[in-house]
Each structure stands twice: as structure tokens, then as C-alpha cells.
Q: 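Sharing a structure below in C-alpha cells format, with a few things to ask.
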Amino acid sequence: MEIAIVAGTRPEILKMAPIYRPLALAGFSPVWIATGQHGDLATQALNAVGIEADMHLEGGWDARSLTNLSAGLLDQLGRRFEYNRPDAVLVQGDTASAYAGALAAHLHRIPVGHIEAGLRSGDPNNPFPEESFRRLIAPIADFHFAPTRLAQKNLRLDGVKPRQIWITGNTIIDTVLDMAGKTRRPEVLDARQPGEKLVLLTTHRRENWGEGIEAVCRAAKALAERHPDIRIVFPAHSNPRVCQTVDQHLGDVERIHVIAPLSYPEFIAVLKESYLVLSDSGGVQEEAPSFDVPVLVLRETTERKEAIDAGVAKLVGTDPDRILSAAEQLLLDPKAYDEMAGRNNPFGDGKASERIAAILQDQLVPAHDVKQAG
Ligand code: UDP
């Protein structure tokens with residue numbers, strides 16, 4: 001039985017990678033379809049997790065246009081499913097690739113499994129368009145792999161049948177735990193002086209483009225100026241809307257290193273050594289608690305409320321004063337720091353992919369159904 005894995009962005013690739021082997025061990029033929037939504041970032045991520053795509057879409061769309069991108073992905077995935085029909089399609093998360101993959105499969109009446117189902121911020125404009133994409137996938141998916149109990153609850157509130165939802169944990173924890181022993185120390189860490197605290201900064205969300213990122217840059221600059229014992233590493237997303245703003249504001253500030261996106265083994269090496277993370281990334285919020293690193297979330301809302309409830313992350317938005325005061329509390333008050341570090345990761349235990357493969361085997365393999373019915 002062929003299971004198509006549709007993935008096109010860096011986070012999707014990192015979160016889909018650990019499912020490939022368990023699917024093969026469960027007797028399926030996994031087929032990796034690289035959509036090409038992210039160019040170089042996707043190639044970097046595929047190399048990091050050692051996956052060679054079985055098929056690449058032709059592309060040819062304008063990725064700056066969400067409609068052109070979505071239409072192109074839908075058309076090309078639809079043609080693949082029509083002429084070379086898989087037995088099931090897996091999509092992950094909340095991207096245009098995930099939505100187009102789910103819709104193309106659904107329109108060809110192919111069962112759809114949604115990994116990381118049920119995340120909800122409650123605001124269709126934040127994160128945009130991710131909140132809409134994941135909500136749109138819910139009514140057309142057949143198997144909903146919820147990372148947490150909260151995600152399961154959200155799906156039930158959306159009317160998804162309880163027997164179609166499984167709590168599996170988030171597959172990124174499988175990836176990050178596997179990577180923890182295989183990291184590669186990037187050159188930027190050589191600049192770190194003894195006793196310095198490392199702060200990892202990332203920001204790329206569309207809602208933060210322009211003013212938001214500028215405000216974050218002002219906060220980072222003030223933080224570095226006020227605390228000579230910290231060093232900030234900022235791998236800036238390759239999207240020109242992000243890296244141009246960042247270079248302009250932080251290109252030449254002492255103890256702030258604005259660098260190109262790090263490969264995953266390098267990024268995890270930096271994360272492991274970090275004292276604190278400032279980020280608007282979804283995946284980074286999920287990974288940091290595995291290394292006891294507190295996260296200040298540079299957003300007004302999060303669909304990953306588990307991190308806030310578990311006390312491993314705090315929402316601080318993009319207002320420089322708010323960022324500064326939250327960061328300084330963690331830098332100066334060891335008690336406040338210890339309260340955030342050293343808690344369990346609420347997003348999983350590293351076994352999500354095995355669970356998903358076992359569920360798919362149970363749900364899709366006819367011999368098993370027959371045995372169960374008997
Ligand atoms: N990441 C990486 N290199 C970097 C920055 C991030 O490998 O320079 C990884 C990070 O570990 C996480 C993922 O990329 O797993 C997050 O991607 P991104 O922030 O682009 O997307 P989001 O998670 O917000 O959807």
C-alpha cells in the first residue's frame with residue numbers, strides 16, 4: 001500500500017521525516033512528494049534529515065501569491081493523485097502544501113491523514129494564513145493525529161468525530177530527540193566568550209513583517225547594549241521581507257550575530273547551548289522545552305497554549321518594552337528562570353511517528369480489519 005507524504009516547507013519536512021521509516025516497517029510503501037514550496041530551506045532540511053524525495057512537483061507558480069501557489073499545488077498534486085493514485089495521503093500542519101495536498105486527495109476520494117491536527121489560535125488572522133489552512137483541512141481529513149489533549153478537544157469542538165482522532169504527541173519531538181545526539185556546532189558559537197549567556201532569536205511570521213520585526217530588532221539591540229554578558233544569535237529567515245529588515249537594523253551591533261539560516265543539526269546545537277529563546281516560530285516553541293530552554297514568544301496569541309500552561313513559554317508580543325522586561329527577568333532572577341526551565345516538554349515523548357504508523361496500519365490494512373471483524 002502506497003502512502004504519499006506531501007511536504008514542502010522546512011517545518012513540514014522536519015516534522016514528516018520521522019514517519020517515513022515507521023511507515024516502511026509497518027509494511028507500507030511511503031512515497032515522499034516534495035512540493036517545492038520552500039526552495040533552499042527545504043533542500044537544507046531534506047539533507048539534514050537524510051531524505052531523498054521520490055518526486056518533485058514541477059513548480060512554476062509565484063510563491064509570493066498565496067492564491068497562485070495554492071492553485072498550482074492543488075493542480076499538480078491533483079494530477080499526480082489522478083494518474084498515480086496512492087492509498088492514502090499524509091499532510092502536516094498548516095501550510096499551502098498541506099491544504100492543497102489534503103484537498104487534492106479528498107477530491108480524488110483518497111483517505112487523508114492530518115499530522116499535527118487540532119492546533120487553534122482562534123483568530124484567522126493570527127497566524128495568517130496558517131490558522132485558516134489547518135481549519136480547512138479538518139473537515140476533509142479522515143485521520144486526525146492530534147499532538148496533545150488540547151488539540152483533540154479543539155477538533156471535537158469543530159465537530160470531528162471522536163473515533164477519527166488520536167492523540168500521538170508531536171512528531172517534531174521525535175526529530176529533535178534523534179538530532180540531539182547528532183548536532184554540529186556552527187562557527188558562530190566560536191565567538192562566545194566564557195561566562196556569556198547565549199540568546200537565540202528567530203522571527204519570520206507574516207504578521208510580524210515590517211513593524212513587528214523592526215520592534216523585535218530594537219528590543220534585541222537594547223538587550224545586547226544593556227547586558228554585556230549576553231550574545232545573541234539570530235539566524236534570519238531567507239525570505240527577503242525578513243532578512244532585509246533584520247540586516248538593516250542589526251547588521252552591525254556588538255554581540256549580535258545575524259546569520260543565514262542554520263542547518264538543522266547546527267540550529268539544535270545552538271538551541272542546546274542557549275540560555276533563552278526569543279521566537280515567533282511554532283516549531284522552536286515545541287523544541288526548546290526538550291533542552292530546558294525557556295521561550296519568550298514574539299506573538300500576541302499562540303495555538304501552542306500547552307507551552308504557556310506548562311510554564312515553559314511566555315507570550316510577549318513584539319513591543320520592545322515587554323520583550324525587554326520579560327527577558328531581563330529571566331536574565332537577572334534565577335528563581336524566575338528555574339521556574340520556566342526544567343519542566344517536562346508538553347508536546348510529546350519522541351514516539352509520535354511510531355504511534356501514527358501503527359494507527360494507519362490498524363485503519364488501512366485490510367487483513368487487520370478482517371481479523372478484527374472476525
Ligand atoms: N530551524 C532550522 N534552522 C534555522 C531556524 C530554524 O533548522 O536557522 C528549524 C527549527 O529547529 C524548527 C523549524 O526550523 O524545527 C521551524 O521552522 P520555522 O520557524 O520556519 O516555521 P514554524 O515552525 O514557525 O512553522
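A quick note: this is a predicted structure, and the numbers were derived from the prediction, not measured. Counting starts at 1 for both ligands and their atoms, in listed order.
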Q: Would Glu130 and Leu119 count as a side-chain contact (heavy atoms from CB on, under 4.5 Å) here? Give the steps.
A: CA-CA 10 Å; Glu130 291 86 350; Leu119 273 63; over 6 Å; no
Q: Under 3.5 Å between some N or O of ligand 1 and some N or O of Ser281?
A: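 Min N/O separation from ligand 1 is below 3.5 Å for Ser281.
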Q: Quick one: does ligand 1 sit under 4.0 Å from the side chain of Tyr264, the backbone, both or neither, non-hydrogen atoms only?
A: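 Near ligand 1, Tyr264 shows its backbone as well as its side chain.
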Q: Over all heavy atoms of both residues, which pair between Cys217 and Val246 is shortest? Give the atoms and the distance, please.
A: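 Taking every non-hydrogen atom into account, SG-CA, 4.1 Å.
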Q: Do Ile172 and ligand 1 have an N or O pair less than 3.5 Å apart?
A: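 N/O-N/O distance under 3.5 Å: no.
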Q: Give the residue and atom name of whichever protein heavy atom lies nearest to atom 23 (O) of ligand 1, and the separation in Å to one decimal.
A: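 The closest heavy atom on the protein side is Gly283 N, 2.7 Å.
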Q: Quick one: does Asp280 get an N or O within less than 3.5 Å of an N or O on ligand 1?
A: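 Checking ligand 1 against Asp280, no N or O pair falls under 3.5 Å apart.
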Q: Can you name the atoms of ligand 1, numbered from 1 with element, that are less than 4.0 Å from a heavy atom of Leu14?
A: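 It comes down to these atoms of ligand 1: 9 (C), 13 (C), 14 (O), 15 (O).
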Q: At less than 4.0 angstrom from any non-hydrogen atom of Leu262, what atoms of ligand 1 do you find?
A: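 Ligand 1 atoms under the 4.0 Å threshold to Leu262: 2 (C), 3 (N), 4 (C), 7 (O), 8 (O).
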Q: Evaluate whether atom NZ of Lys314 has more than 12 neighbouring non-hydrogen atoms of other residues, nucleotides or ligands under 6.0 angstrom away.
A: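 Enclosed.
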Q: Decide if atom CZ of Arg149 counts as having more than 12 heavy atoms of other residues, nucleotides or ligands within a radius under 6.0 Å.
A: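 Result for CZ/Arg149: open.
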Q: Give the contacting part of His204 toward ligand 1: side chain, backbone, both or neither, where contact means a heavy-atom distance below 4.0 Å.
A: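 Contact part for His204 vs ligand 1: side chain (C-beta onward).
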Q: Could you go through Lys335 and Asp333, starting from their C-alpha distance and side-chain angles, then the distance that decides it, and tell me whether this counts as salt bridge (charged side-chain N to carboxylate O under 4.0 Å, His left out)?
A: CA-CA 5 Å; Lys335 198 164 159 268; Asp333 178 353; over 6 Å; no
Q: Select one of side chain, backbone, both or neither to describe which atoms of Glu287 lie under 4.0 Å from any atom of ligand 1, heavy atoms only.
A: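 It is the side chain that gets close, since no backbone atom is under 4.0 Å.
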Q: Name the orientation class of the two ring planes belonging to Phe143 and Trp166 (parallel below 30°, tilted from 30 to 60°, perpendicular beyond 60°).
A: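 Correct class here is tilted.
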Q: Which of the numbered atoms in ligand 1 are under 4.0 angstrom from any heavy atom belonging to Gly282?
A: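 It comes down to these atoms of ligand 1: 22 (P), 23 (O), 24 (O).
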Q: Provide, to 0.1 Å, the distance between atom 25 (O) of ligand 1 and the closest protein heavy atom, together with that atom's residue and name.
A: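 The answer is Pro11 CG, 3.5 Å.
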Q: Test your reading of the structure: does Pro235 have an N or O sitting under 3.5 Å from an N or O of ligand 1?
A: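 No: no nitrogen or oxygen of Pro235 is under 3.5 Å from one in ligand 1.
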Q: With nothing but distance in play, are any N or O atoms of Arg10 less than 3.5 Å from an N or O of ligand 1?
A: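 Yes; the residue has a nitrogen or oxygen that sits under 3.5 Å from a nitrogen or oxygen of the ligand.
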Q: Do the side chains of Val233 and Leu250 join up, straight or via other hydrophobic residues, at under 4.5 Å, putting them in one cluster?
A: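 In one cluster: no.
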Q: Can any side-chain N or O of His144 pair as donor or acceptor with the backbone N or O of Ala117 at less than 3.5 Å?
A: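 No; judged by distance alone, with no hydrogens or angles, the pair does not exist.
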Q: Check which hydrophobic residues are tied to Tyr99 through side-chain heavy-atom contacts below 4.5 Å, counting indirect links as well, and list them.
A: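 Grouped by the 4.5 Å side-chain rule, Val6, Val31, Ile33, Met55, Leu57, Trp61, Leu69, Leu73, Leu74, Leu77, Phe81, Val89, Val91, Leu103, Leu107, Ile110, Val112, Phe133, Leu136, Ile137, Ile140 form the rest of the cluster around Tyr99.
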Q: What part of Arg205, side chain from CB on, backbone N/CA/C/O, both or neither, has a heavy atom under 4.0 Å from ligand 1?
A: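 Only the side chain of Arg205 comes within reach of ligand 1.
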